Every structure is written in C-alpha cells, then in structure tokens.
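First comes the structure, then the notes that go with it.
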Amino acid sequence: MAKKTSKSKTLPIYILNGPNLNLLGHREPEVYGYTTLAEIEKMCAAQAAGHGLSIIFHQSNHEGEIVDQLQEARTSGSAVIINPAGYGHTSIAILDTIQALKIPVIEVHLSNLHKRESYRHLSYVSKGATGIIMGLGAQGYLRAVDAVAQILKVSK
Ligand code: DQA
C-alpha cells in the first residue's frame with residue numbers, strides 16, 4: 001500500500017487592502033510613510049515564508065470586491081490581515097463578511113487612528129477583528145503576520 005507522505009499545508013494568509021492604498025509611498029507620506037504597497041507585499045511574503053506560511057495579497061478600491069475577497073478567504077485562507085482603509089469607518093458590509101469568517105482576522109492601520117480626526121476613531125471592522133495593530137507604519141503588517149503565525153501555531 002502506498003505510504004501517505006504529504007504534509008498538510010497551511011492555507012495562505014489573505015492580506016487585503018482597501019481604497020487608496022495603491023497610492024502608498026506617494027499619498028500623504030508624512031502620515032502613511034514612503035513604503036509602497038508593492039514593497040509591503042514583498043516584506044509580508046518574506047515574513048510569512050520565515051514562518052513556513054504563504055500569502056495572497058490584494059488591493060481594491062471597491063467595497064464589493066473586498067467582500068468577494070473576504071468570502072474567498074473564508075474557504076481558501078487560514079487567516080485574514082486587512083487594512084480596510086476608509087471603508088473601515090463606513091462599511092457594515094465588510095464587517096458582516098468578517099463576522100461570517102471562522103478564521104483569525106487582524107486589522108492593520110498604518111497610522112494611529114486615535115491621534116487623528118474624530119471620524120477615524122470608529123472602525124466597524126474592529127468589532128469583528130481578532131486583534132488590531134495601528135500606528136506602526138508598514139511594520140504593522142509584519143507584526144500582523146507574526147501574530148497570525150503565533151495564533152495558527154497555538155490552534156494546531
Ligand atoms: C488607514 C487609515 C484610514 O483612516 C484611512 O482612510 C486610510 C489608511 C491607515 O492605514 O492608517 O486610507 O487605514
């Protein structure tokens with residue numbers, strides 16, 4: 001009888017980015033930093049690989065597309081890291097989808113929302129998130145990858 005040698009591979013971490021994050025590095029760099037989204041993707045892939053994990057990285061300016069990506073993560077991902085950008089402050093649809101997930105969700109913001117305008121102090125996404133990282137710039141994404149790796153290790 002053939003011996004089963006295949007190791008069960010952890011599903012990828014979905015790293016989702018909302019509107020205007022495609023402009024990172026150019027958009028208000030004094031607030032969001034000089035690191036581009038392409039650089040953040042590379043850094044996250046390397047960080048995840050260090051934990052033996054892989055990523056799927058998306059950016060969209062469209063709310064429904066982010067809902068679709070979250071629904072895909074529901075069946076094809078091990079965890080979600082999401083910077084919902086402006087939609088965090090407005091989108092109950094994105095919160096609803098997150099609440100339908102049974103995998104860890106880490107919310108990331110480059111800036112510290114609580115140091116900013118009062119309309120940024122509320123994030124609907126936070127209500128559905130496992131944890132939140134904000135104010136650490138691009139490094140926040142890497143800390144989120146570390147957090148996911150730790151959560152997945154503990155829950156194995
Ligand atoms: C952001 C903060 C949001 O308020 C803003 O709309 C963004 C970026 C951040 O990463 O700091 O687009 O999510």
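As the structure is a computational prediction, the values presented were derived from the model and not from experiment. As the structure lists them, so they are numbered: ligands from 1, and atoms in each ligand from 1. FYI, the numbering just counts along the sequence from 1.
With respect to atom 8 (C) of ligand 1, the closest heavy atom belonging to the protein is Tyr32 CE2, 3.5 Å. Residue, atom and distance of the protein heavy atom nearest to atom 9 (C) of ligand 1 are Leu110 N, 3.3 Å. Ser111 OG, 2.6 Å is the protein heavy atom nearest to atom 11 (O) of ligand 1.
Between Asn83 and ligand 1 there is a heavy-atom distance shorter than 4.0 Å. In this structure, His89 has a heavy atom closer than 4.0 Å to ligand 1. Distances shorter than 4.0 angstrom do not occur between any heavy atom of His121 and any atom of ligand 1.
Legend: residues meeting side-chain hydrogen bond (donor to acceptor under 3.5 Å, both in side chains) with Gln139, ordered by chain and number and at least two apart, are Arg143. Residues passing the side-chain hydrogen bond (donor to acceptor under 3.5 Å, both in side chains) test with Gln99: none are found, sequence neighbours excluded.
When every heavy atom of Ile81 is checked against every heavy atom of Tyr141, the shortest pair comes out as CD1-O, 4.5 Å. When all heavy atoms of Thr35 and Ile40 are compared, the closest pair comes out as CG2-CG1, 3.8 Å.
Remark: the Gln69 side chain and the Ser60 side chain contain no N/O donor-acceptor pair separated by less than 3.5 Å.
Comparing heavy-atom distances from atom 12 (O) of ligand 1 across Glu107, His109, Arg27 singles out Arg27 as nearest.
No donor-acceptor distance shorter than 3.5 angstrom exists from the side chain of Tyr32 to the backbone of Ala138, with no hydrogens or angles considered.
Polar contact with ligand 1: present for Gly86 (N/O pair, distance under 3.5 Å).
Counting heavy atoms under 4.0 Å from ligand 1, residue Leu113 touches it through the side chain alone.
Ring orientation note: the planes of His109 and His89 are close to parallel, at an angle under 30° on the 30°/60° scale.
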